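Following: one structure in structure tokens, then a few remarks.
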2 protein chains.
Amino acid sequence: MTELISVAQAESLIAEHMPSFGSERVPLHQAAGRILRQPVYAEHDHPPFDRVMMDGIAIHWHENLPRAFTLTGVQLAGMAMQALVATDTCIEVTTGAMLPAGCDCVIPVEQAQRDGDSYRLVDGYQPARGQFIHSRGSDCVVGEQLLDVGTRIGAPEMALLAANGFAQIEVAAMPSIAIVSTGDELVDVGAPLGEGQIRRSNDIAVATALRLHGFERIAIEHVIDDEQATRHTLARLLATHDVLILSGGVSMGQRDYVPSALQALDVRRVFHRIAQKPGKPMWFGIGPQQQCVFALPGNPVSALVCAVRYVRPALLAAMGTTATSVETVCLDASMDTHAMLTSFVPAHVHTDALGLTMAHPVPSRTSGDFSSLPRTHGVLQLAPGLGPLPAGAVAAFYRW
Amino acid sequence: MTELISVAQAESLIAEHMPSFGSERVPLHQAAGRILRQPVYAEHDHPPFDRVMMDGIAIHWHENLPRAFTLTGVQLAGMAMQALVATDTCIEVTTGAMLPAGCDCVIPVEQAQRDGDSYRLVDGYQPARGQFIHSRGSDCVVGEQLLDVGTRIGAPEMALLAANGFAQIEVAAMPSIAIVSTGDELVDVGAPLGEGQIRRSNDIAVATALRLHGFERIAIEHVIDDEQATRHTLARLLATHDVLILSGGVSMGQRDYVPSALQALDVRRVFHRIAQKPGKPMWFGIGPQQQCVFALPGNPVSALVCAVRYVRPALLAAMGTTATSVETVCLDASMDTHAMLTSFVPAHVHTDALGLTMAHPVPSRTSGDFSSLPRTHGVLQLAPGLGPLPAGAVAAFYRW
């Protein structure tokens with residue numbers, strides 16, 4: 001039996017051994033949710049010209065401004081730059097247009113009335129020099145760094161990439177992932193359920209925990225409890241995938257063929273068994289071509305806890321994400337801790353009227369009891385040996 | 001000019017007018033992230049049989065238990081039920097197997113040594129009746145409700161659906177959405193940038209804000225500032241989509257053709273202009289076939305704020321989601337509020353060591369300044385007329 005390692009040791013051993021999955025260039029419309037692998041600089045000043053902010057007229061401001069201006073032209077959004085011909089004239093402008101040459105003041109349409117071929121200011125209205133002009137480069141200047149490597153591309157990042165002409169963009173490549181369940185008792189969701197059988201559910205749950213965080217290249221397989229079949233399937237999947245996630249077959253039983261099959265395939269064991277509950281039997285290793293192999297316990301709660309606590313964060317970190325801070329929450333009830341093992345406890349969370357994120361623990365009775373998980377949002381991590389934690393104590397929280 | 005309505009009025013007017021988008025049956029592997037539209041009941045007891053929790057031997061417990069048991073059979077996971085033949089015999093069992101008939105105690109492999117055709121208990125080991133048995137129905141019983149209508153299908157829900165044989169599942173149909181930008185000054189991300197032009201970015205930003213929350217049926221279009229073209233394009237899109245999201249063309253200018261085009265197409269205006277900053281010109285209406293039309297301002301920050309504050313929550317609510325509570329955060333700096341208008345202020349958030357979600361406001365200088373948005377996670381909503389809010393005040397927060 002191998003020695004138990006701590007949660008922190010497991011985390012750092014995984015981080016030490018994870019390979020990079022490289023990067024790839026994708027069309028911008030496929031970049032939503034991806035992790036940026038190039039810095040992004042401003043293509044031009046923003047705005048790229050002195051930009052009119054209101055529909056109205058543009059004039060040249062000076063002391064003793066006349067009350068009426070002869071209309072000499074129009075400057076619509078998207079038009080090349082017009083020019084003012086004299087200080088008592090004006091040019092009609094629309095929001096988003098270039099400020100015409102010679103102008104330094106925009107008067108909104110509500111404050112100037114059209115009168116034949118001229119505009120007259122509303123009585124008492126006093127415009128100010130520079131008003132309603134969004135000056136060239138006032139948001140940012142050409143060459144300024146806008147986005148860092150490692151940023152996840154959400155809506156604001158997408159806006160900046162589009163605005164700066166990035167029709168293609170370098171993002172972290174997605175690892176190709178195979179999720180493999182083991183166990184003769186497991187049947188497919190669509191098959192009739194025979195005596196002694198249960199349906200496969202860990203594979204699709206782990207796949208969902210990854211898919212909803214942007215992972216797309218996921219295959220699902222099942223192997224029966226047979227030494228040859230296990231080794232054969234794992235060999236094929238190691239040859240074709242960057243990441244293997246196994247569920248089941250890693251306990252101490254004589255029919256737990258996964259560790260020996262992995263060893264025979266030259267997958268080097270980095271660790272086996274973590275001082276935690278649930279999820280103690282977790283196994284992690286690295287294949288001869290740097291494939292990462294996460295072998296999770298077969299119990300549904302254990303498998304899902306290990307997937308969101310170890311597998312998903314490790315994959316995102318290996319892809320270079322810089323958003324890795326751990327969420328903290330406040331317990332709304334006292335909780336016992338285990339003397340020797342880190343506890344992972346499913347919990348429901350909500351933010352209260354004070355802006356505090358409160359966590360209500362919903363312990364599962366066994367590591368096989370996943371029927372209460374849908375009322376929870378994720379899992380609390382409670383360090384061992386702290387005795388009973390009072391309500392109000394703060395804990396790390398990992399979302400499903 | 002129409003009267004300004006409040007943020008709360010806008011929200012409830014939208015909710016009042018949103019249609020349902022119906023539901024559809026999808027294969028389970030396509031259900032990740034979707035909203036459940038049927039209740040889900042347990043297909044069978046969980047576990048469906050008395051389930052062995054350890055690899056080892058199963059026996060019949062009684063007072064004066066012998067120290068050795070003759071091995072008479074094996075019960076592997078997935079096998080039909082075996083039976084104990086006598087009280088001084090045992091059956092080898094594996095984790096996940098049915099408990100053999102006549103047994104009520106599982107002894108782990110570490111506590112029993114194989115000795116010829118029998119197993120001998122380790123010296124001093126005293127098993128207890130019922131140990132290491134996960135009893136039939138102890139997690140839940142057949143017919144028990146496991147998931148409610150309106151639940152978003154994440155990893156735990158997917159596990160339960162698979163475990164209960166839902167190869168297909170009824171989920172909220174996805175509305176088909178067209179996002180339309182307007183403005184002659186806007187060019188495509190891949191096109192050269194001429195004088196007076198900027199690149200389209202609102203459409204892809206709004207699309208991203210929806211895509212990353214599971215919306216897939218999104219088309220993007222652009223119309224030039226022309227009354228006929230605007231009306232023609234909107235007519236076509238209204239005939240083919242459930243939801244239109246327009247950006248630009250809703251201000252007060254003579255070339256803002258959107259409101260008049262919508263009117264001509266019998267899209268009934270529900271409101272135009274909200275007492276908020278940014279995003280005041282927002283327009284909302286309902287088409288003759290119950291199409292929802294959200295016309296957002298053209299400025300990038302305004303458009304994105306309106307998309308995450310109104311459009312996305314309204315679509316999710318119309319699809320029947322029950323997860324609608326608003327996140328609250330705590331300001332880490334004092335903030336001025338506007339006398340008359342609700343303020344939306346971009347902010348960076350993090351949870352601190354106490355479990356408090358702290359928000360650091362990052363105001364944009366103009367509603368066109370989106371270069372600072374990538375350092376933020378969403379937008380604070382600050383009610384009008386509160387004077388200066390102190391650091392520590394709590395505000396609603398909407399994520400990008």
Side-chain angles (χ1 to χ4, degrees), chain A residues 28 32-33 46 55 76-81 94-96 98 134 139-140 146-147 154-160 162-163 165 167 183-185 189-190 195-197 199 201 204-205 208-209 211-212 251 253 255 300 304 327-330 351 354-357 366 368-371 373-374 394 400, chain B residues 28 32-33 46 55 76-80 94-96 98 134 139-140 146-147 154-160 162-163 165 167 183-185 189-190 195-197 199 201 204-205 208-209 211-212 251-253 255 300 304 327-330 351 354-357 366 368-371 373-374 394 400:
Chain A
L28 187 60
H46 289 268
D55 294 297
L76 303 175
M79 253 187 194
M81 194 192 281
T94 61
T95 305
M98 300 184 88
H134 188 189
D139 294 341
C140 67
L146 299 176
L147 299 174
E157 292 76 18
M158 199 62 115
L160 278 185
D184 283 350
E185 76 277 28
V189 60
E195 194 182 331
Q197 298 184 322
R199 299 191 186 285
S201 63
I204 201 166
T208 300
R211 278 208 187 103
L212 293 180
S251 292
R255 289 171 65 82
L304 196 54
E327 188 176 5
T328 53
V329 298
C330 193
T351 56
L354 298 174
L356 261 181
T357 305
T366 67
D369 172 21
F370 56 120
S371 58
L373 292 191
V394 173
W400 297 133
Chain B
L28 186 60
H46 288 267
D55 294 298
L76 302 175
M79 254 185 193
T94 61
T95 306
M98 300 183 88
H134 187 188
D139 293 341
C140 68
L146 299 175
L147 298 175
E157 292 76 18
M158 198 62 115
L160 278 185
D184 283 349
E185 75 278 27
V189 59
E195 193 182 331
Q197 298 183 323
R199 300 191 186 285
S201 62
I204 200 165
T208 300
R211 278 207 188 105
L212 292 180
S251 291
M252 309 301 292
R255 289 171 64 84
L304 196 53
E327 186 176 7
T328 53
V329 297
C330 193
T351 56
L354 298 174
L356 261 180
T357 304
T366 66
D369 174 21
F370 57 121
S371 59
L373 292 190
V394 172
W400 298 134

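Quick caveat: nothing in here was measured; it's all calculated off a predicted structure. All heavy atoms count here, side chains included; hydrogens, waters and symmetry mates do not. Letters A, B, ... are given to chains in the order of the sequence lines, protein chains preceding strands, and every chain is numbered from 1.
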statement: Residue from B/G183, B/A163, B/C330 scoring the most non-hydrogen pairs under 4.5 Å with chain A is B/A163
field: Side-chain donor-acceptor contact under 3.5 Å, A/D369 with B/H134
entry: no
Residue B/L356 versus chain A: region with a heavy atom under 4.5 Å: both
query: Relative to chain A, which of B/A159, B/A32, B/A209, B/A167 shows the most heavy atom pairs under 4.5 Å?
result: B/A159
message: Please classify the contact of B/M158 with chain A as side chain, backbone, both or neither, using a heavy-atom distance under 4.5 Å.
response: both
field: chain B interface, residue from A/G33, A/G154, A/S201, A/G190 that has the most non-hydrogen pairs under 4.5 Å
entry: A/S201
query: So what's closer than 4.5 Å to chain B heavy atoms on A/M81: side chain, backbone, both or neither?
result: both
field: Most contacts with chain A, counted as non-hydrogen pairs under 4.5 angstrom, among B/C140, B/G96, B/A155
entry: B/A155
- request: Please report the shortest heavy-atom distance between B/M98 and B/M79, naming the atom on each side.
  value: SD-O, 3.7 Å
- request: Just give me the residue among B/L28, B/L354, B/L146, B/V189 that pairs up with chain A most often, heavy atom to heavy atom, under 4.5 Å.
  value: B/V189
query: Between B/L147 and chain A, which part of the residue has a heavy atom less than 4.5 Å away: side chain, backbone, both or neither?
result: side chain
query: Are the side chain of B/T94 and the backbone of B/A77 linked by a donor-acceptor contact shorter than 3.5 Å?
result: yes
- request: Name the region of B/L160, side chain, backbone, both or neither, that has any atom closer than 4.5 Å to a heavy atom of chain A.
  value: both
Short side-chain to backbone donor-acceptor contact, B/T351 and A/E327, under 3.5 Å: no
message: What part of A/V394 gets within 4.5 angstrom of chain B, counting heavy atoms only: side chain, backbone, both, or neither?
response: side chain
message: If I take atom CG from residue B/L373 and atom CH2 from residue B/W400, how far apart are they, to the nearest 0.5 angstrom?
response: 5.0 Å
